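Just so it is clear, the model here is predicted, and its values are computed rather than measured. Excluded from the calculations below are hydrogen atoms, water molecules and symmetry mates; all remaining heavy atoms, backbone and side chain alike, are included.
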Amino acid sequence: MQTKKKAARTKRLYLILAAMLLVLFGLLFVLARVTGNASYLKVQDGFRAFFSGFSSGEGYPYTFEEENAEQIHSFRNGLIYLTGDSTHVMNADAKQSFVKKLSFTDPHMAVYNGHAVVYDRVSGNWFLQNGSSVITEQSMGSSIFTAAVGKKRTVAVVTGTEDAFSVLHVYNHNGKELFQYTCVKERIASVSLSPDGKHVALLALGATDAQMYARLLIFALDAQEPVYTEEFLNTTLIKIQFTESGNLLLLGDTLFRSYSKAFQPIAKQEFKLGSLRKYAVDDSGRCAFVLRLVADEQKDSLFVYSKDGVKEQEKSFTAITSIAVSHSYTAVMEGSKLIVLNTAGIVLKEFEEEQPSAELFLSGKSLYAYASKTVTKHDF
């Protein structure tokens with residue numbers, strides 16, 4: 001009898017809590033819409049996500065019935081994946097909460113902070129989506145090389161034109177252009193937007209006198225001259241990203257660099273060409289990469305840097321085939337074994353995975369592995 005009373009009280013509490021949340025969501029929704037600010041879309045998205053959470057999906061492992069996912073990313077409390085004709089948002093129970101059909105020839109996707117910019121490299125069409133809707137979409141009228149989305153839902157799109165090798169455009173979430181920069185003789189390979197929405201950083205690759213070079217350029221969105229530039233010779237720069245604390249990290253095929261908000265060096269690491277095997281960067285700015293320091297040995301070194309640009313850990317493993325990193329955790333695949341570590345490098349959990357070459361993704365306290373059209377999930 002006591003158990004039934006306790007269950008009834010618990011049920012009443014859940015109903016009261018649900019009602020309070022509905023009222024709170026409603027007030028926020030009305031307030032955001034009346035004021036007309038950018039938070040309207042965020043509240044709307046949260047409102048939809050709240051309701052979608054009441055129903056569960058098929059659960060994991062999840063197998064794609066028709067075609068492979070061309071790209072998968074951690075997204076909110078689950079995953080987002082891109083196929084040849086659509087994007088799919090999937091929650092922690094493998095429930096597809098939002099599907100966007102595409103008519104792109106060569107689709108690609110960049111994801112950050114619960115938003116995705118999806119673009120067609122051929123036609124130049126792109127759109128920005130969250131977990132439940134499309135926020136804005138545009139056509140550039142020329143091919144797109146790369147794109148990125150920022151915390152403020154600003155979007156950076158790099159195009160090629162007849163008059164310039166690459167052009168960087170930055171838009172707000174309404175599709176209004178905020179900034180444009182033209183590289184006449186260089187190709188912009190990577191771009192990142194600062195968390196405060198005030199700066200954009202880019203990597204430009206070029207050649208002069210038969211020598212390859214790379215340039216790091218950082219701009220304030222209200223000025224045409226860069227606030228910081230640095231040139232690198234005899235290396236290929238791969239990835240640039242602002243961290244959630246406003247610092248900047250840079251990864252190349254022979255180096256790692258981190259910079260402060262004032263663009264002063266924090267840390268640097270150099271390594272031999274060909275030794276970089278894997279890398280992963282989280283939205284927070286935590287970065288992990290794998291080096292094989294001796295080419296003919298099956299021994300890899302994992303390096304992890306914090307969002308503040310400081311080296312957190314260095315650990316040795318045997319033949320790492322895949323890695324993932326999040327705000328608080330790092331995961332590596334060593335043979336068929338999945339290993340989850342915390343920020344101190346302590347092993348929290350180990351799992352066995354049937355596919356030793358799986359791609360890894362961390363979302364919350366869940367580790368996802370994707371291979372052979374199947375996603376498996378391991379909670380820790």
Check the pair V200, L221 against side chain to side chain contact (heavy atoms under 4.5 Å, CB included), reporting the backbone distance first and the verdict last.
CA-CA 7 Å; V200 59; L221 294 185; 3.7 Å; yes
Is there a donor-acceptor contact under 3.5 Å linking the side chains of Y62 and Q96?
yes
Drop me the distance from E231's CD to L217's CG, to the nearest 0.5 angstrom.
9.5 Å
May I ask you to say whether E352 pairs ionically with K337, meaning some side-chain N is under 4.0 Å from a carboxylate O?
no
Less than 4.0 Å between a side-chain N and a carboxylate O, is that true for R286 and E312?
yes
F219/Y228 aromatic ring centres below 6.0 Å:
no
Assess, by modelled atom type and distance only, whether the side chains of H108 and E70 contain a donor and an acceptor separated by less than 3.5 Å.
no
Would F104 and W126 count as a close aromatic pair, with their ring centres under 6.0 Å?
no
Less than 4.5 Å apart, any side-chain heavy atom of H169 and any of V167?
yes
Should the ring pair F263 and H199 be called parallel, tilted or perpendicular, given that the plane angle runs from 0 to 90° and is split at 30 and 60?
perpendicular
To the nearest 0.5 Å, what is the distance between OG on S260 and CD1 on I266?
5.5 Å
Applying ring pair (Phe, Tyr, Trp, His ring centres under 6.0 Å) to Y112 and F242, what does each step give before you reach the verdict?
CA-CA 11 Å; Y112 182 81; F242 280 101; 10.0 Å; no
Nearest 0.5 angstrom please: I238 CD1 to L251 CG, how far?
5.0 Å
Under a 3.5 Å threshold, yes or no: a donor from one side chain and an acceptor from the other, between S366 and D379?
yes
Can you establish whether the number of heavy atoms outside K198 located under 6.0 Å from its atom NZ is more than 12?
no
Flag for S336-E354: side-chain donor and acceptor within less than 3.5 Å
no
Check each of V149, L178, L128 against T154 using the side-chain contact (heavy atoms from CB on, under 4.5 Å) test, and report the only one that passes.
L178
Are F289 and F271 near enough that their ring centres are under 6.0 Å apart?
yes
I'd like to know whether the aromatic ring centres of Y81 and F64 sit less than 6.0 Å apart in this structure.
yes
Between R76 and G114, is there a donor-acceptor pair closer than 3.5 Å when you use the side chain of the first and the backbone of the second?
yes
Could you go step by step and tell me if F361 and Y370 meet the ring pair (Phe, Tyr, Trp, His ring centres under 6.0 Å) rule?
CA-CA 8 Å; F361 310 93; Y370 171 65; 7.4 Å; no
Step through it carefully: locate the ring centre of F232, locate the ring centre of Y213, and say whether they are under 6.0 Å apart.
no
Is a side-chain donor-acceptor pair under 3.5 Å present for E186 with S166?
no
Is it true that S142 and T161 share a donor-acceptor pair across their side chains at a distance under 3.5 Å?
no
Report yes or no: do S139 and N125 form a side-chain donor-acceptor pair below 3.5 Å?
yes
Under the side chain to side chain donor-acceptor pair (under 3.5 Å) criterion, do T243 and S245 qualify, and how do the steps go?
CA-CA 5 Å; T243 73; S245 57; 2.9 Å; yes
CD of Q71 to OG1 of T87: how many Å apart, nearest 0.5 Å?
11.0 Å
If we ignore angles and hydrogens, is there a donor and acceptor under 3.5 Å between the side chains of N174 and T136?
no
Under 3.5 Å, is there a donor on one side chain and an acceptor on the other for E359 and Y368?
no
Are V134 and K100 close enough that some pair of their side-chain heavy atoms sits under 4.5 Å apart?
yes
